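Here the structure comes first, spelled out in structure tokens, and everything after it is commentary.
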Amino acid sequence: MLNPIDTAAVIRDGGAVGDYPDRIHEGVGWWLGACLVVTAKTSCLAVAHDEHPVSAAFASRLCQGAINAQHYACTVRFLGRHSEKELLAAASSFGAPAAWVSTTAADGADTVRIRLYTQHGVLLDEDSGLAAIRDLIDHDRVPIPVNDGAKGTVVPYPSETTQGAHP
């Protein structure tokens, strides 16, 4: 692992949380995206953020990790700047897991929080995938694509091709 993190301190509370750039870095977004797709065994994921520039960077990396997760050819429905509630409503409409990225600034530091949800809109916990994700990252086993044909895509949501259509 090129840029390790303290997974016990960062991968917790339904996803990942840490001060940027000291405890968490953009690569964590990639790792979480890839690991969520594989542990949830999903070919669709919804992603949104709170518009903070740091959140946008982490969300972008999360999307890239998700579309590069083994053989899943995941389609990421990228909502961009939306509330967590709006993200969960969209994810529910097509039965997909979700990831929401937010950043808060306090005392001159940015704290990034990535919240991961099951396809039922429930925040991940140890039993529903968080422990498995932490284990994959701990053991440097973040999923990678098996071939170019297995790479997924990022689709803006809603888009002309998704409006009125079911996944």
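Predicted model only: the values in this text are computed from it and were never measured.
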What's the shortest heavy-atom distance between [X] and [Y], and which atoms?
X      : Y      : value
Val54  : Tyr20  : CG1-CD2, 3.9 Å
Phe78  : Cys63  : CD1-SG, 3.6 Å
Cys44  : Pro97  : O-CD, 3.4 Å
Trp31  : Asn3   : CH2-O, 3.3 Å
Val146 : Ala150 : CG2-CB, 3.7 Å
Ala91  : Ala46  : CB-CB, 3.8 Å

Are side-chain heavy atoms of [X] and [Y] found at a separation under 4.5 Å?
X      : Y      : result
Val112 : Val17  : no
Leu87  : Lys85  : no
Arg113 : Trp100 : no
Lys151 : Asn68  : yes
Ile24  : Ile5   : no
Leu32  : Ile133 : yes
Val154 : Ile67  : yes

Same cluster (ILVMFWY, side-chain, under 4.5 Å), [X] and [Y]:
X      : Y      : value
Tyr117 : Val38  : no
Phe58  : Ile137 : yes
Leu62  : Leu88  : no

For [Y], is there any backbone N or O sitting under 3.5 Å from a side-chain donor or acceptor partner on [X]?
X      : Y      : answer
His139 : Asp135 : yes
Thr39  : Cys35  : yes
His82  : His49  : no
Thr7   : Ile11  : no

From [X] [atom1] over to [Y] [atom2], what is the distance, rounded to the nearest 0.5 angstrom?
X      : Y      : atom1 : atom2 : value
Leu136 : Leu36  : CG    : CG    : 11.0 Å
Ser128 : Leu123 : OG    : CG    : 7.5 Å
Asp13  : Leu124 : CG    : CG    : 12.0 Å

Quiz item: Is there a donor-acceptor contact under 3.5 Å linking the side chains of Ser55 and Ser102?
Solution: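 No, no side-chain donor-acceptor pair sits under 3.5 Å.
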Self-check item: Of all pairs that satisfy salt bridge (charged side-chain N to carboxylate O under 4.0 Å, His left out), the ones with a partner from residues 115-132, not counting sequence neighbours
Solution: Glu84-Arg115, Glu126-Arg134
Quiz prompt | His25 ring center within less than 6.0 Å of Trp30 ring center | solution = no
Self-check item: Test side chain to side chain contact (heavy atoms under 4.5 Å, CB included) applied to Asp19 and Thr111, Asp107, Asp110, the passing residue
Solution: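 The option that passes is Thr111.
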Quiz item: Should we say atom CZ of Arg81 is surrounded by more than 12 heavy atoms from elsewhere, each under 6.0 Å from it?
Solution: no
